[in-house]
Amino acid sequence: MYTLICQLVVLTGLACLVVAWVRAWPYPSPVIRRFLPPRLRWPEAQIRAMLDTGRLHPGYLAFFNRDPVRDVSAGEDLLAPADGLLLSAETAGAVRYIVIALSFWDVHVQRSPLAGRVRTIETLGDAFRDGEGRDFAFLAAKHCPVQKRIVIDAGADEIAIRLVTSIAARRIEVWPSPGDSLARGERLGRILLGSTVVLEVPMHMRCALSPGVRVRAGETVLVTRDRATSPAR
Amino acid sequence: MTLFEHGHIAWPLFAALVYSALVFLGADLAWRCIRLPVQRLAVCVLLVWLGGLLVIGLVS
């Protein structure tokens, strides 16, 4: 009798796993999800379906909200402010716009590229949809972007980081306040289901990487200072 | 092949059921991870499953 009960327990457990597999189909079942790399664990079609219905899977939310510790190296060069794909390094006027595109699977916590003091934090909401910035490719392709622009004063240099998201997601958290000091690689904020981070730097700073490269916030050296043309401190 | 013996599910049948369920779940994992033509992958999974059943049959 004892053997039969044990057998039935094992078979019931396996039946539950098979039912979970059927319910999750065509997406990965909870059983195998942990063994899959992020892009296979949370397929894009599943994420888009969750966004359409507004019901996000708790497992995906936990994955999306992860905030790993980063090994911030010492140095004067600017670190990447976000995880993602380096999309472009456009120049307009005296400003270099370095655009990083975040995917559904990237860490969405942004970090300060350099040590400095927060000068201003601008909120550029719905009124921004047809205004300044539309000339840039990184905004032209987006539907009604919502932005936070954080200006950091680092002595002789002033840089800005734009956190851009769509009007559908429209939630951006910025953790420091104007006047706060930031360390290099310190956490700045988070885009909730957002899309793009733009680093604005003066012309004497050069993008150290080519478009198409993946970068990691607080770890990848993204911009180098051109010391010959850099203003004296 | 008997389904029950000594008041419990016969061990070969029990082993075949457990093994089949595990292969079923493992095949899903392989299907998503391994980059092979669908037909080749299906044949591989089927061969693994049949091989396992054969071993269970031989052992019991």
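The basis for the numbers below is simple: all heavy atoms, side chains too, and nothing from hydrogens, waters or symmetry mates. Values in this document were obtained by computation on a predicted structure and should not be read as measured data. Numbers restart at 1 for each chain; the letters A, B, ... are given by sequence-line order, proteins then strands.
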Pairs of donor and acceptor atoms under 3.5 Å between chain B and chain A, please, with atom names and distances.
| residue | atom | partner | partner atom | Å |
| --- | --- | --- | --- | --- |
| Ile9(B) | N | Gln7(A) | OE1 | 2.8 |
| Ile9(B) | O | Gln7(A) | NE2 | 2.9 |
| Asp28(B) | OD2 | Trp21(A) | NE1 | 2.8 |
| Arg32(B) | NH1 | Pro26(A) | O | 3.2 |
| Arg32(B) | NH2 | Pro26(A) | O | 3.0 |
| Arg32(B) | NH2 | Tyr27(A) | O | 3.2 |

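- Counting heavy-atom pairs under 4.5 Å between each of Cys6(A), Ala15(A), Pro28(A) and chain B puts Pro28(A) at the top.
- Rounding to the nearest 0.5 angstrom, the gap separating the SG atom in Cys33(B) from the CG atom in Leu36(A) is 4.5 Å.
- Here Val18(B) pairs with Val10(A), Leu11(A), Leu14(A), Phe14(B), Leu22(B) under the side chain to side chain contact (heavy atoms under 4.5 Å, CB included) rule; sequence neighbours left out.
- Note that CG of Leu25(B) and CD1 of Ile32(A) are 8.0 Å apart. Values are rounded to the nearest 0.5 Å.
- Highest contact tally toward chain B, considering only Pro43(A), Pro26(A), Gly13(A), is held by Pro26(A) [criterion: heavy-atom pairs under 4.5 Å].
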